[in-house]
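Beneath this line is the structure, given in structure tokens, with notes to follow.
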Amino acid sequence: MKRRCIVHIDIDAFFAAVEELLNPSLKGKPVIVGGLPHERGVASTANYEARKYGVHSGMPLAKAYRLCPQGVFVRGNYQVYSAFSKKMFSVLAQYTPDLEEASLDEAYLDLTRCRTLYSSLPHTVQEIKNRVEKQLGIRVSVGVGPNKLLAKLATNKAKPGGLVDVQPGREEEFLKDLSIETLPGIGPKAQVILRMLNIHKIGDLWGLPRTTLRSLFGLNGEELFLQSRGIDSRPVSMASIPKSISRETTFPEDLWDRRLLLAHMAYLCDRLALSLRKGRLFAHIIEVKVRYSDFKTEVRRRLLIMPRQDMGEIFKIAQELFLQLYSGSRLSLRLVGVKASDLVRTRPLSLFEPYSERRERLGAAVDQVREKYGFGSLLTVREGMLENLYGFEKQRGFVLKTASLTK
Ligand SMILES: [Mg+2]
């Protein structure tokens, strides 16, 4: 097969860089975007000054404040970041139709099909980098390789602000000394196991036979075997990210009971989260819709700097929005709905939060049960929510359904 030419481009400390650009007095200071020090939640971006204090994306804000009390904490503004993102993608789209939006600030370009249009690929890649930086006024890092994995690893090496091209025949040399956790297939647990086996660099992994990796990590071991050798056949896919996903219900009779309505919102969020998981998508916008008995419709949305996929998190947001919309109204509701939009495909860093791996596995397990026994066979709920309404039997945080939600 012909060697592909994949370019990965990533804005350095994106949100913080935008904040610095809009407010030059921040330059040179540690900047942490994601929330104020006393707020719950995690830092979504720390600039390089803040990283010197050990602050990194995904770290709880309280901890970031302890490490770096003199830091400037900013809540962030999704709309502004989104505008910068659109600017970058409009530049990139001029170079190839094979463009993948991996997240707001991260893209893959496949230049293989357009190769003949450009007399010198290295020159073109440099030009892309320069143009994006000029248009945005922000520094970006760029990696080039024969597939997405190597291109992305090259970008990591290029940070901040550089360009690394993994030349043909140089793949092994490039991979050999990289630390194992740079591979996307290696989670915290796998890291512990491998370090116990005295495996610290990707090159060390080459000594392990495929069967050993398989017996250690199951199917992930198979994946690891390929990744450690820089093998990756995933296509750069521009299509297939839908604009939005929504779930809504029109009730057979109008409802006014807030508890019952919220229970139904939980059900819709659960179904929405399932679709997101299936599409490997994360949402930057969650929107709730209600329609009153007089057919008046209202929506309320929340913009999220950190995209979400988890049912619990989506429901928490949807619940707040719903209660803002439907408080003190004397009208009953004929419809409720929840919508996820501005979808992206990258696993956000917030998933490095402590429970994330467990939650993700839980999600996968729930999906498996549902695939076999139908969606209604399992419902996920929040504490104290559905039991009284439907006669559910509670078991370890899950509620086994004993009555049907839909008549
Ligand atoms: Mg970035």
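Position 1 is the first residue of the sequence; numbering continues from there. Just follow the structure's listing: the first ligand is 1, and inside any ligand the first atom is 1.
With sequence neighbours left out, P122 forms a side-chain contact (heavy atoms from CB on, under 4.5 Å) with S120. R334 is linked by a side-chain contact (heavy atoms from CB on, under 4.5 Å) to T250, D254, R291, F295, counting only residues two or more places apart in sequence or in another chain.
Using a 4.0 Å cut-off between charged side-chain N and carboxylate O, K152 and E106 make a salt bridge. Using a 4.0 Å cut-off between charged nitrogen and carboxylate oxygen, K159 and D10 count as a salt-bridge pair.
Among residue pairs with one or both ends in residues 190-218, none qualify as ring-ring contact (aromatic ring centres under 6.0 Å, His included); sequence neighbours excluded.
One distance of note links NZ of K86 with CD of E101; it measures 8.5 Å at 0.5 Å rounding.
For the Mg ion (ligand 1), the neighbouring protein N/O/S atoms at less than 2.8 Å, given as residue and atom, are D10 OD1, I11 O, D105 OD2.
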